[in-house]
Amino acid sequence: GPAELELLERLLGLPAGNKYGVLGERKVPVLQTNNGPGLTGLMTIAAHLVRQAKKEQLLGSTTEERAVVQQWLEYRVTRVNGGSSKEDTRIILKDLNMHLEDKVYLAGNIFTLADILMYYGLHHIMVSIT
């Protein structure tokens, strides 16, 4: 949520100061903007921050890469954020392990926003594994 977005801001070299909040029971992140309505959702806000930092390459360089990045961002929000049981965690880690067998990064050979947000989403799980 908001803490991840603040970490992303720092990683992207953006100045701190954005105002984040959460919406509803699922605590969906919200970014209050000065010019227009707020932005809602982890993927939407993260992509906005990437564009603001002028680091669009993190969203993918080709149409196919952009689609793969989007796919993994959706996986992050729907599966990783939604998974709460040990079985969910086992399936998520198995999916990632299979996907990364012949790849360095989630979108292939380039480091993207998908890698960053997946790291943030899985960090708490990985530190608890023996």
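What you see is a predicted model; the values in this text were computed from it and never measured. The basis for the numbers below is simple: all heavy atoms, side chains too, and nothing from hydrogens, waters or symmetry mates.
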Quick one: list whatever passes salt bridge (charged side-chain N to carboxylate O under 4.0 Å, His left out) with [X], sequence neighbours left out.
{"X": "R66", "answer": "none"}
{"X": "E87", "answer": "R90"}
{"X": "E9", "answer": "none"}

Using the side-chain contact (heavy atoms from CB on, under 4.5 Å) criterion, which residues pair with [X]? Sequence neighbours excluded.
{"X": "E65", "result": "S61, T62, I110"}
{"X": "V22", "result": "P2, K27"}
{"X": "A67", "result": "none"}
{"X": "Q32", "result": "K19, V30"}

Taking side chain as C-beta onward, heavy atoms only, is [X] less than 4.5 Å from [Y]?
{"X": "I91", "Y": "D95", "value": "yes"}
{"X": "L117", "Y": "V80", "value": "no"}
{"X": "L59", "Y": "R51", "value": "yes"}
{"X": "M43", "Y": "R76", "value": "no"}
{"X": "L5", "Y": "N18", "value": "no"}
{"X": "L106", "Y": "V68", "value": "no"}
{"X": "T40", "Y": "I45", "value": "no"}
{"X": "L73", "Y": "M118", "value": "no"}

How long is the straight-line distance from [atom2] of [Y] back to [atom1] of [X], given to the nearest 0.5 Å?
{"X": "I116", "Y": "L11", "atom1": "CD1", "atom2": "CG", "answer": "5.0 Å"}
{"X": "L122", "Y": "L96", "atom1": "CG", "atom2": "CG", "answer": "6.0 Å"}
{"X": "D115", "Y": "L58", "atom1": "CG", "atom2": "CG", "answer": "9.0 Å"}
{"X": "K54", "Y": "L12", "atom1": "NZ", "atom2": "CG", "answer": "12.5 Å"}
{"X": "L49", "Y": "L31", "atom1": "CG", "atom2": "CG", "answer": "6.5 Å"}

Query raised in the report: Out of curiosity, does L39 fall in the hydrophobic cluster containing L23 (side-chain heavy atoms, cut-off under 4.5 Å, transitive links)?
Result: no

Query raised in the report: Taking a hydrophobic cluster as the set of Ile, Leu, Val, Met, Phe, Trp and Tyr residues connected by side-chain heavy atoms closer than 4.5 Å, whether directly or through intermediates, do V50 and V77 fall within one such cluster?
Result: yes

Query raised in the report: Should the heavy atoms of other residues, nucleotides or ligands under 6.0 Å from CD of E64 be counted, would the total exceed 12?
Result: no

Requested in this report: Evaluate whether atom OH of Y119 has more than 12 neighbouring non-hydrogen atoms of other residues, nucleotides or ligands under 6.0 angstrom away.
Outcome: no

Report task. Looking only at non-hydrogen atoms, find the nearest pair between V69 and A107 and report the distance. Result -> CG2-CB, 3.9 Å

Requested in this report: For residues A47 and L113, report the shortest heavy-atom separation together with the two atoms involved.
Outcome: N-CD2, 4.0 Å

Query raised in the report: According to the ring pair (Phe, Tyr, Trp, His ring centres under 6.0 Å) rule, which pairs have a member within residues 56-76, sequence neighbours left out?
Result: W72-Y75, W72-H99

Query - Where at least one partner belongs to residues 8-65, residue pairs that pass ring pair (Phe, Tyr, Trp, His ring centres under 6.0 Å), sequence neighbours excluded - result: none

Requested in this report: Would you list the pairs meeting side-chain hydrogen bond (donor to acceptor under 3.5 Å, both in side chains) in which at least one residue belongs to residues 100-110, sequence neighbours left out?
Outcome: none

